[in-house]
Amino acid sequence: MTAVDPTLAPSPYRAIERADWARLAAGLDQPLSETEVVEIRGIGDRLDLTEVREVYLPLSRLLSLYASSTRQLGAATSAFLQEEDTTTPFVVAVAGSVAVGKSTIARLLRELMSRWPGTPRVELVTTDGFLYPNAELERRGLMDRKGFPESYDRRALLSFLTRVKSGEAEVRAPFYSHMRYDIVPDAHVVLRRPDVVIVEGLNVLQPPPAPHDPAVSDFFDFSIFVDADTEHIERWYTDRFLALRKGAFSNPSSYFNVFAHLTDDEAVATALGYWNEINMPNLVENVMPTKHRATLVLRKGADHAVETVQLRKV
């Protein structure tokens, strides 16, 4: 590993350069095909087989080791207490800005972790499902604050995670449709005691609203923050909006169908309006300040490729 500069301030993180991290993939088989990677990749992401092999394959192995070790500790604790093993699912959080690629990373980790022997059953839940329905957001005057902490049903999310970590046999999460831009009534994501639960969302590392309240992050065993320069994320957001205008937005059923016929200049102006009025303030005020709470930080460069990894010391 790269030597740490003794003149730098002490840090609870190991700073690992991309080349050093990539060497951790030596001897690991690439479990995904190029077709599978394309299917996982989100709009605007540059994910390819090299990125999977050099960055996410080692990360998935590390997560699998953490999960297996946590399960062993749980079994040992139960044995010490002379009771039945009640080890619960290992919960991984993936946080970061809109358009930074966290959804792609969460989907990719679900696929990669499920290939390791110790974690065959992996489920993914996004916090979009815990947004208040649009009707409730309208009632509260929060439609223009969608994605901000106050737009989520925090109590429902805490209840969901409490049930997961209490070891309930079946736990349900609400389902969110990006096509409808709303919660789908009576639709759910059903979890039946998987080995790993990945929870992906903007504000999953938020501190509690009051000192004596529980934090969502209290229920995480490992957390990942996807980081990048703000100007890069702004460009990725705008590029994604332009791509969606020609794709998903063109569907007559899409909530955003009204944007399908914008000119390029109009689409860029619209995207920048949303970015500057909603997503950028949310990133600066709420998302970026939680980075230091993560177990691991993936730092991306301008081309969406991970350049450095910071891993919290144990």
Side-chain angles (χ1 to χ4, degrees), residues 9 11-18 20-21 24 42 44-47 51-52 54-67 90-110 112-113 124-128 130 147-149 152 154 157 161 196-208 215-234 236-237 279-314:
S11 171
Y13 289 94
R14 296 178 176 88
I16 307 169
E17 294 297 325
R18 165 67 177 259
D20 293 326
W21 182 262
L24 300 175
D45 287 341
R46 303 292 197 275
L47 185 69
E51 188 83 354
V52 172
E54 294 186 353
V55 177
Y56 299 105
L57 187 55
L59 176 55
S60 72
R61 182 57 180 149
L62 178 66
L63 288 170
S64 182
L65 291 173
Y66 266 75
F90 186 81
V91 181
V92 179
V94 180
S97 172
V98 62
V100 79
K102 63 185 181 303
S103 298
T104 294
I105 291 171
R107 290 193 298 270
L108 178 59
L109 289 176
R110 176 182 58 187
L112 290 173
M113 289 190 72
L124 171 60
V125 174
T126 73
T127 58
D128 290 341
F130 294 94
F148 281 71
Y152 292 89
R154 183 175 174 276
L157 178 55
L161 289 169
V196 178
V197 177
I198 299 174
V199 180
E200 177 263 311
L202 288 167
N203 294 302
V204 290
L205 296 180
Q206 280 284 307
V216 170
S217 59
D218 291 342
F219 297 90
F220 300 148
D221 298 291
F222 195 103
S223 54
I224 299 166
F225 188 95
V226 188
D227 191 26
D229 288 342
T230 304
E231 58 265 32
H232 298 332
I233 305 175
E234 177 184 307
W236 299 339
Y237 178 81
N279 295 292
M280 175 66 167
N282 194 22
L283 173 60
V284 173
E285 296 168 18
N286 300 305
V287 181
M288 285 299 296
T290 68
K291 179 171 69 173
H292 72 281
R293 299 170 63 87
T295 314
L296 181 142
V297 178
L298 295 173
R299 175 74 177 175
K300 287 187 169 187
D303 61 352
H304 253 298
V306 172
E307 295 181 337
T308 60
V309 177
Q310 290 180 292
L311 175 63
R312 188 177 289 274
K313 298 169 185 175
V314 178

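Numbers here simply count residues along the sequence, with the first being 1.
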Please examine the side chains of [Y] and [X], heavy atoms only from C-beta on, and report whether any two atoms are closer than 4.5 Å.
| X | Y | result |
| --- | --- | --- |
| Leu59 | Leu296 | yes |
| Val216 | Leu161 | yes |
| Asp221 | Phe90 | yes |
| Thr127 | Leu202 | no |
| Thr230 | Val284 | no |
| Pro208 | Arg154 | yes |

Closest non-hydrogen atom pair, [X] against [Y]:
| X | Y | value |
| --- | --- | --- |
| Gly147 | Asn203 | O-ND2, 2.7 Å |
| Gln206 | Val287 | NE2-N, 4.5 Å |
| Asp303 | Arg46 | O-CG, 3.1 Å |
| Trp236 | Ala99 | CE3-O, 3.5 Å |
| Arg293 | Ser223 | O-OG, 3.7 Å |
| Ile198 | Ala106 | CD1-O, 3.8 Å |

Check your understanding: Judged by modelled atom types alone, do Thr104 and Arg107 share a side-chain donor-acceptor pair under 3.5 Å?
Key ->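 On atom types as modelled, these side chains qualify, holding a pair under 3.5 Å.
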
Review point. Can you tell me how far the CG atom of Asp229 sits from the CD atom of Glu234, to the nearest 0.5 Å?
Key: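 Between Asp229 CG and Glu234 CD, I get 12.0 Å after rounding to 0.5 Å.
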
Review point. Looking at OG of Ser97 and CD1 of Ile233, how far apart are the two atoms once the value is rounded to the nearest 0.5 Å?
Key: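 One gets 4.0 Å once the value is rounded to the nearest 0.5 Å.
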
Could you tell me which residues satisfy side chain to side chain donor-acceptor pair (under 3.5 Å) with [X], sequence neighbours excluded, listed by chain and number?
| X | answer |
| --- | --- |
| Glu307 | none |
| Ser64 | none |
| Arg312 | Tyr13 |
| Ser103 | Glu200 |

[X] (side chain) donor-acceptor with [Y] (main chain) under 3.5 angstrom:
| X | Y | result |
| --- | --- | --- |
| His304 | Gly301 | no |
| Asp218 | Ala215 | yes |
| Lys300 | Val100 | yes |

Check your understanding: What pairs with Asp227 under salt bridge (charged side-chain N to carboxylate O under 4.0 Å, His left out), at least two apart in sequence or on another chain?
Key ->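 Counting only residues at least two positions away or on another chain, Asp227 forms a salt bridge (charged side-chain N to carboxylate O under 4.0 Å, His left out) with Lys291, Arg299.
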
Exercise for review: Go through the steps for Leu63 and Ile224 under the test side chain to side chain contact (heavy atoms under 4.5 Å, CB included), then give the verdict.
Suggested key: CA-CA 10 Å; Leu63 288 170; Ile224 299 166; 4.3 Å; yes

By side-chain contact (heavy atoms from CB on, under 4.5 Å), which residues pair with [X], not counting sequence neighbours?
| X | answer |
| --- | --- |
| Glu54 | Arg18, Ala22, Thr50 |
| Pro58 | Trp21, Leu24, Ala25 |
| Arg14 | Ile16, Leu311, Lys313 |

Taking only residues two or more places apart in sequence or in another chain, which ones pass ring-ring contact (aromatic ring centres under 6.0 Å, His included) with [X]?
| X | result |
| --- | --- |
| Phe222 | Tyr66 |
| Phe148 | none |
| His232 | none |
| Tyr56 | none |

Practice item. Let me see the working for Glu51 and Val306 under side chain to side chain contact (heavy atoms under 4.5 Å, CB included), right down to the final yes or no. Key: CA-CA 8 Å; Glu51 188 83 354; Val306 172; 3.6 Å; yes

Review point. Taking it one step at a time, do Val94 and Val199 satisfy side chain to side chain contact (heavy atoms under 4.5 Å, CB included)?
Key: CA-CA 6 Å; Val94 180; Val199 180; over 6 Å; no

Practice item. Please test Val92 against Val197 for side chain to side chain contact (heavy atoms under 4.5 Å, CB included), starting from the C-alpha separation and ending with a verdict. Key: CA-CA 6 Å; Val92 179; Val197 177; over 6 Å; no

